[in-house]
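To start, the structure under review is shown below, and the notes come after it.
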Amino acid sequence: MFNHPRVLPILLFAVFGNPALAEPLSDEDELAQAYGDTSFVSIATGTRQQIRKAPAAATVITADQIASMGARNLSEALVAVPGMHISRNRLQHIYTPTYGVRGILGDTSPHVLMLVNGIPRTSAYLGNPDEEMVELPVDNIARIEVIRGPGSAVYGADAFAGTINIVTKTADDINGTQFGLNAGSFNSRHLWLLHGRRHEGWEVAGHLRFGSTDGSRKHIESDAIGQSGPLNLQHEDIDAQLDLGIDQFRWRAAYTLRDKLGTGLGIAGVLDPGGRVRSERISSDLSWSSQNLAPDLDLNLQAAFMQLANTIPAALTIYPGGVIPGFPDGMQGVPDKWERQARFSATAVHTGFNDHRVRVGLGHDYLEIHRTRESKNFTLFPYLTPRPMYEASGADLFLSPHSRKLDYFYLQDEWSFARSWTLTGGLRRDYYSDFGGTTNPRLALVWEAAHDLTTKIMYGTAFRAPSFIEQYASGNPVALGNPALKPEKIATLEAGATWRPTPALQTSLNLFRHEISDLIGQSGNTYLNGGKQNGKGGEFELIWDLGYRLRLTGNYAYQKNIDVSTGRDAGYAPHHRFYLRADWRGLPGWQFSSQINRVADRHRAAGDQRPEIPDYTSVDLTLRSDRPKQGWDVSLSIYNLFDTDIREPSKTAAGIPFDYRMPGRTLWLQGRYSL
């Protein structure tokens, strides 16, 4: 089918065609107020537009939807996205969330670009959004926008399988003062404060949250050396953000701290009950925007800075005493690193040409790990040798300081060349100081076939940049770098349709096929290019309003990805995923929500002889009161209602033989007071 592009519009129209005429929805504004406005998206092209017309498979999750589903953090909110599956870090075993999209599920989530207010939060060290288990809370999130498929033509590196943009709350979103408290299972408790006001031309918004948890203590049957025991997932949290705006300027600053952070199953897959990590992130950005700087011309300038420090307060136990000869007290290490990034960009949008919206952008990024430090009681070269605790240097250090410069330019044109037809074309060139350049195009044709039917055909390429650990890791017992690495590449062809047969029913279907090359993997401990993977699948979504009191939201996703070298399934990602949520306003002043998440048909990769990963179905319930402008509102959530044994796959049998155990039944109580 994908080899004959003319067939796609005909097929999609045949599936969705001959729609009945529908009357305008009289209470559409009321529904948007109750459930949040999900009709518009900005991430697809960088400009706000209706989702059904956007040249991408897009999903929007609003603050109201997050509250309805009872999500406590970003990962729990993203469960609602079709084709996305949240797994766990298979490289470090510390339970960091790993975001898989359309069956592309890496060890550390490097194939999904995460943005906060349009700015990447990627760590150069591992190339993932959050190097440690730094789950983002949702108190200060106004909306989450997600596109599935390649986005490098607009956003550059790592917008490979998908892109997530988190939009934080402004003064208008908050419009007052709110404080809240949360408590639940695993001795979890948090306090938070939000404030937002306009005052004498200023927009002021602030957020502060702090708390702690003991984390799930699920019992692990066997780690990498056969030990059993509980997980180590405790942590203490601080999250803060300040947002100031006046006239054309906006300045944001944010601080995130995860302290006394447990190491999950241990950094080498060996239980380390006393292991602790500290992760501290400081970020700031300043932007200037001018609408109509000149006739039909908008301009935006932005500068952003981020500093990330990951330190080890006390030595981590890689292997306990008695496991490796010569180490009666065990192998121990203290790897610390400090990273910083500076980003500068300029974007112009010109609408002076008939039927065209032209977007031009350029930028410069400077990324560096400017300091590393490591103490350990072993040497690796020329062979493993025990010795008293010492400070490593040179090739014996897990990673020496390195830097990377990036210059980029992109051009995009949205051309409405005929009635109901829009062609979006774009091209971006990225040049890296350490591995060279890459060029990525996109092309999307959107046809409004009828007033309630829109079809799309899209093509694009994307890339993932090698991380610093993949290129430069040296005295690391788990991984050794390769400076000759090239970026991973993907080419994707998609077709989609959105159909609204009645004002109360919205449906969409997306089909895709992709080819991946130059995948980075390990041969022994050394990183190499060479992997190839082909995939195909589809996603179906439905939103059905059964009056004001009941809304059903559901989606089904299917994918099949094949490792070309073995002809076997690429492994670990679910072939089938089903999600359904019901939001019911049957009692005055209350809303009841239930959601079902079904994950099925996960295979092992070639060479992994363990039994297939068990399917599971989780059920979550949330009861919450209406959110008044002033006064208290409360909510009670039960996650994994039936205490299902949920497991996410470990990478090989040599690692964690029985996979990663996820939390069982969990209770969560939240209260909020609005002034």
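On a predicted model such as this, the values are computed, not experimentally measured, just so you know. Sequence positions, counted from 1, serve as the residue numbers for this chain.
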State, yes or no, whether a side-chain contact exists between [X] and [Y] at a heavy-atom distance under 4.5 Å.
{"X": "Ile267", "Y": "Asp272", "value": "no"}
{"X": "Glu541", "Y": "Thr59", "value": "yes"}
{"X": "Asn561", "Y": "Asp569", "value": "no"}
{"X": "Leu669", "Y": "Asn182", "value": "no"}
{"X": "Phe468", "Y": "Ser123", "value": "no"}
{"X": "Arg610", "Y": "Ser650", "value": "yes"}

Note to self: Go through it in stages, so that I can follow the logic: the residues are Asp259 and Arg278, the test is salt bridge (charged side-chain N to carboxylate O under 4.0 Å, His left out), and I'd like the CA-CA distance, side-chain angles, deciding distance and then a yes or no.
What the structure shows: CA-CA 5 Å; Asp259 202 4; Arg278 189 176 194 270; 3.7 Å; yes

Heavy-atom donor-acceptor pair, [X] side chain to [Y] backbone, under 3.5 Å:
{"X": "Arg602", "Y": "Gly571", "answer": "no"}
{"X": "Ser152", "Y": "Ala157", "answer": "no"}
{"X": "Tyr125", "Y": "Asn310", "answer": "no"}
{"X": "Ser618", "Y": "Tyr616", "answer": "no"}
{"X": "Glu494", "Y": "His514", "answer": "no"}

Any luck finding a side-chain donor-acceptor pair between [X] and [Y] under 3.5 Å?
{"X": "Thr168", "Y": "Asn140", "value": "no"}
{"X": "Thr213", "Y": "Arg189", "value": "no"}
{"X": "Glu488", "Y": "His111", "value": "yes"}
{"X": "Thr622", "Y": "Ser637", "value": "yes"}
{"X": "His603", "Y": "Asp608", "value": "no"}

Gap between atom [atom2] of [Y] and atom [atom1] of [X] - 0.5 Å precision:
{"X": "Ser87", "Y": "Leu105", "atom1": "OG", "atom2": "CG", "value": "5.0 Å"}
{"X": "Gln595", "Y": "Tyr639", "atom1": "CD", "atom2": "OH", "value": "8.5 Å"}
{"X": "Ile51", "Y": "Ser42", "atom1": "CD1", "atom2": "OG", "value": "10.0 Å"}
{"X": "Glu145", "Y": "Thr62", "atom1": "CD", "atom2": "OG1", "value": "11.5 Å"}
{"X": "Met458", "Y": "Ile147", "atom1": "CE", "atom2": "CD1", "value": "10.0 Å"}
{"X": "Leu208", "Y": "Ile238", "atom1": "CG", "atom2": "CD1", "value": "8.0 Å"}

So, are [X] and [Y] salt-bridged, with charged N and O less than 4.0 Å apart?
{"X": "Arg281", "Y": "Glu339", "answer": "no"}
{"X": "Glu280", "Y": "Lys337", "answer": "no"}
{"X": "Asp239", "Y": "Arg258", "answer": "yes"}
{"X": "Glu539", "Y": "Arg148", "answer": "yes"}
{"X": "Arg252", "Y": "Asp243", "answer": "yes"}
{"X": "Asp645", "Y": "Arg647", "answer": "yes"}
{"X": "Arg88", "Y": "Glu648", "answer": "no"}
{"X": "Arg581", "Y": "Asp620", "answer": "no"}
{"X": "Asp139", "Y": "Arg672", "answer": "no"}

Next item on the list: Any chance you could lay out the salt bridge (charged side-chain N to carboxylate O under 4.0 Å, His left out) test for Arg585 and Asp626, step after step, and finish with the verdict?
Entry: CA-CA 9 Å; Arg585 298 174 178 271; Asp626 284 343; 3.5 Å; yes

Indicate the atoms forming the closest heavy-atom contact of [X] with [Y], along with that distance.
{"X": "Ala304", "Y": "Asp285", "answer": "CB-CB, 3.9 Å"}
{"X": "Gln559", "Y": "Pro574", "answer": "NE2-O, 2.9 Å"}
{"X": "Thr108", "Y": "Asn128", "answer": "O-CB, 2.7 Å"}
{"X": "Leu641", "Y": "Leu621", "answer": "CD2-CD1, 3.7 Å"}
{"X": "Ser508", "Y": "Thr498", "answer": "CB-OG1, 3.9 Å"}
{"X": "Leu308", "Y": "Ser279", "answer": "CD1-OG, 4.0 Å"}

Next item on the list: Check each of Ile164, Thr163, Ile166 against Leu115 using the side chain to side chain contact (heavy atoms under 4.5 Å, CB included) test, and report the only one that passes.
Entry: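 The residue from Ile164, Thr163, Ile166 that satisfies side chain to side chain contact (heavy atoms under 4.5 Å, CB included) with Leu115 turns out to be Thr163.
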
Answer yes or no for [X] and [Y]: cation-pi contact, defined as NZ/CZ to six-membered ring centre under 6.0 Å and angle to ring axis within 45°.
{"X": "Arg624", "Y": "Phe592", "answer": "no"}
{"X": "Arg604", "Y": "Tyr572", "answer": "no"}
{"X": "Arg598", "Y": "Phe578", "answer": "no"}

Next item on the list: Kindly indicate, with the supporting measurements, whether the criterion ring-ring contact (aromatic ring centres under 6.0 Å, His included) is fulfilled by Phe179 and Tyr673.
Entry: CA-CA 6 Å; Phe179 69 86; Tyr673 188 80; 5.6 Å; yes

Next item on the list: Apply side-chain contact (heavy atoms from CB on, under 4.5 Å) to the pair Thr666 and Ile638, showing each step before the final yes or no.
Entry: CA-CA 6 Å; Thr666 305; Ile638 305 176; over 6 Å; no

Item checked: side chain to side chain donor-acceptor pair (under 3.5 Å) between Ser68 and Asp583, intermediate numbers included -> CA-CA 7 Å; Ser68 294; Asp583 299 316; 4.5 Å; no

Next item on the list: Decide ring-ring contact (aromatic ring centres under 6.0 Å, His included) for Tyr660 and Tyr95; before the verdict, give the C-alpha distance in whole Å, the side-chain angles of both, and the deciding distance to 0.1 Å.
Entry: CA-CA 8 Å; Tyr660 302 125; Tyr95 274 62; 5.6 Å; yes

Check: Checking side chain to side chain donor-acceptor pair (under 3.5 Å) for the pair Ser593/Gln591: CA distance, chi angles, key distance, verdict?
Finding: CA-CA 7 Å; Ser593 299; Gln591 176 177 308; 3.2 Å; yes

Next item on the list: Begin with the C-alpha distance, continue with both residues' side-chain angles, and end with the deciding distance and a verdict on salt bridge (charged side-chain N to carboxylate O under 4.0 Å, His left out) for Glu236 and Arg276.
Entry: CA-CA 11 Å; Glu236 297 180 357; Arg276 299 290 183 270; over 6 Å; no

Next item on the list: Report the C-alpha distance between Asp64 and Arg627 in whole Å, list the side-chain angles of each, state the deciding distance to 0.1 Å, and finish with yes or no for salt bridge (charged side-chain N to carboxylate O under 4.0 Å, His left out).
Entry: CA-CA 10 Å; Asp64 287 320; Arg627 297 191 149 191; 5.1 Å; no

May I ask you to check whether over 12 heavy atoms, not counting those of [X], lie within 6.0 Å of atom [atom1]?
{"X": "Tyr255", "atom1": "OH", "result": "yes"}
{"X": "Trp338", "atom1": "CH2", "result": "yes"}
{"X": "Lys560", "atom1": "NZ", "result": "no"}

